Amino acid sequence: MNGTLRLVEDKDWIFILLITICGLILFTRWAFEKYYSDLSSFERFNEKKDNLLLFNGIYMVLFSTILSLLLLPYANKFIDLEKYTDISQITILSSIMLGFIIFKLIINTLIFISINRRDSLRDFIISKSYFKVWATLGLLIFSFFYFFSGINHEYLKIIALGFMGAIMIGDYYFYYKNSSKEYKFSIYYIILYLCTLEILPFMIVSKIILS
């Protein structure tokens with residue numbers, strides 16, 4: 001089924017969901033003011049702050065929800081959701097996305113612990129948090145254009161995939177660049193990790209969206 005045809009005719013619930021996400025982001029802007037004040041600089045954002053895991057957890061949920069909303073028109077290409085309501089579909093997709101993100105976080109944590117690099121784990125989580133914030137804000141803006149503008153969806157899909165690709169590259173570039181030499185991984189292991197848990201999922205999603 002063509003993704004565009006899968007878009008629901010009644011988009012009121014989508015608008016309400018996006019506005020709710022905007023409200024939650026405004027709340028985090030107040031509750032985590034220090035993170036946002038340093039958002040313009042990765043180096044300042046990388047400084048030690050309180051409640052890092054909570055901040056990262058909130059954005060994991062927000063990112064999963066927005067990404068699932070954008071994938072909803074293509075959901076039935078890889079999972080049968082037609083028998084569920086729109087809200088149920090977004091809930092199921094968000095849970096799958098969040099579960100995958102948590103799975104990657106667990107894998108990363110086990111890797112850092114197994115090689116006795118717990119100190120570097122914090123830097124890794126901060127890097128993930130920094131770029132997840134930008135990815136979430138970018139996809140939120142993109143969602144309004146995708147669902148409520150007359151711009152050609154094919155152009156928007158290419159722009160969104162390019163944006164997410166740039167975010168992924170920037171994430172690992174800045175983390176590797178700012179890691180101390182004794183905590184840097186071999187390029188071989190970095191490429192192996194990226195191909196398995198980052199590039200492959202990204203390519204699968206891109207193929208589903210563009211096909």
Side-chain angles (χ1 to χ4, degrees), residues 1-32 35-36 39-40 42 55-56 58-101 128-171 198-199 201-211:
M1 180 183 295
N2 186 286
T4 303
L5 297 179
R6 180 64 186 83
L7 288 171
V8 293
E9 294 182 1
D10 180 12
K11 299 178 184 177
D12 290 345
W13 72 272
I14 296 179
F15 183 76
I16 294 173
L17 177 61
L18 292 176
I19 292 300
T20 301
I21 292 175
C22 288
L24 291 173
I25 290 176
L26 289 175
F27 170 76
T28 63
R29 177 68 178 84
W30 167 78
F32 302 94
Y35 285 95
Y36 285 92
L39 199 56
S40 60
F42 180 79
F55 180 78
N56 184 56
I58 292 174
Y59 263 93
M60 284 169 57
V61 174
L62 294 177
F63 175 77
S64 300
T65 302
I66 296 176
L67 185 59
S68 298
L69 180 62
L70 291 171
L71 289 177
L72 182 60
Y74 314 93
N76 285 292
K77 290 185 178 182
F78 55 94
I79 184 173
D80 183 16
L81 295 174
E82 290 188 337
K83 59 184 177 181
Y84 300 104
T85 64
D86 292 325
I87 297 298
S88 296
Q89 290 182 30
I90 196 67
T91 301
I92 294 171
L93 280 179
S94 297
S95 299
I96 294 173
M97 294 295 171
L98 183 59
F100 181 68
I101 293 175
K128 285 293 183 183
S129 299
Y130 180 79
F131 285 96
K132 192 172 277 88
V133 171
W134 283 114
T136 302
L137 296 177
L139 289 181
L140 178 62
I141 295 172
F142 173 81
S143 297
F144 280 103
F145 282 107
Y146 186 78
F147 289 106
F148 302 104
S149 78
I151 301 176
N152 188 297
H153 282 173
E154 296 303 314
Y155 296 147
L156 288 175
K157 288 188 289 187
I158 294 173
I159 293 173
L161 291 173
F163 170 73
M164 290 305 299
I167 286 289
M168 185 172 63
I169 292 172
D171 181 3
E198 299 291 347
I199 297 177
F202 180 76
M203 292 180 64
I204 292 174
V205 171
S206 298
K207 179 176 176 58
I208 291 173
I209 291 176
L210 296 177
S211 61

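Owing to the predicted nature of the structure, the values given are computational and were not obtained by experimental measurement. Basis for what follows: all heavy atoms, side chains included, without hydrogens, waters or symmetry-related copies.
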Using modelled atom types and a 3.5 Å cut-off, is there a donor and acceptor pairing between side-chain atoms of K11 and backbone atoms of F147? yes

Distance in Å, [X] [atom1] paired with [Y] [atom2], rounded so as to fall on 0.5 Å steps:
X: I167; Y: I169; atom1: CD1; atom2: CD1; value: 10.5 Å
X: L62; Y: L140; atom1: CG; atom2: CG; value: 9.0 Å
X: I14; Y: I87; atom1: CD1; atom2: CD1; value: 9.0 Å
X: D171; Y: K128; atom1: CG; atom2: NZ; value: 4.0 Å
X: S94; Y: L17; atom1: OG; atom2: CG; value: 8.0 Å
X: L93; Y: L67; atom1: CG; atom2: CG; value: 9.0 Å

Set out, in order, the CA-CA distance, both residues' side-chain angles and the distance that settles side-chain contact (heavy atoms from CB on, under 4.5 Å) for L139 and M164, then state yes or no. CA-CA 9 Å; L139 289 181; M164 290 305 299; 3.8 Å; yes

Can you see which heavy atom on [X] is nearest to which on [Y], and at what distance?
X: L156; Y: F145; answer: CD1-O, 3.8 Å
X: N56; Y: S129; answer: OD1-OG, 2.9 Å
X: T136; Y: F63; answer: OG1-CB, 3.4 Å
X: F163; Y: W134; answer: CZ-O, 3.5 Å
X: Q89; Y: L72; answer: OE1-CD1, 3.1 Å
X: S68; Y: I90; answer: C-CD1, 3.4 Å

Step by step, would you call K157 with Y74 a side-chain contact (heavy atoms from CB on, under 4.5 Å)? CA-CA 12 Å; K157 288 188 289 187; Y74 314 93; 3.1 Å; yes

Should we count CZ of F15 as having more than 12 external heavy atoms under 6.0 Å? no

Distance-only criterion, 3.5 Å: show the donor-acceptor pairs between side-chain atoms of residues 19-28 and protein atoms not counting sequence neighbours.
from : atom 1 : to  : atom 2 : distance (Å)
T20  : OG1    : I16 : O      : 2.7
T28  : OG1    : I25 : O      : 2.6
T28  : OG1    : Y36 : OH     : 2.5

Please confirm whether Y146 and F142 have ring centers closer than 6.0 angstrom. yes

With distance as the sole criterion, is a donor-acceptor pair present between the side chains of S88 and T91 under 3.5 Å? no

Report the C-alpha distance between Y35 and Y130 in whole Å, list the side-chain angles of each, state the deciding distance to 0.1 Å, and finish with yes or no for side-chain contact (heavy atoms from CB on, under 4.5 Å). CA-CA 9 Å; Y35 285 95; Y130 180 79; over 6 Å; no

Between L69 and L18, does a side-chain contact (heavy atoms from CB on, under 4.5 Å) hold up when you go through it step by step? CA-CA 9 Å; L69 180 62; L18 292 176; 3.6 Å; yes

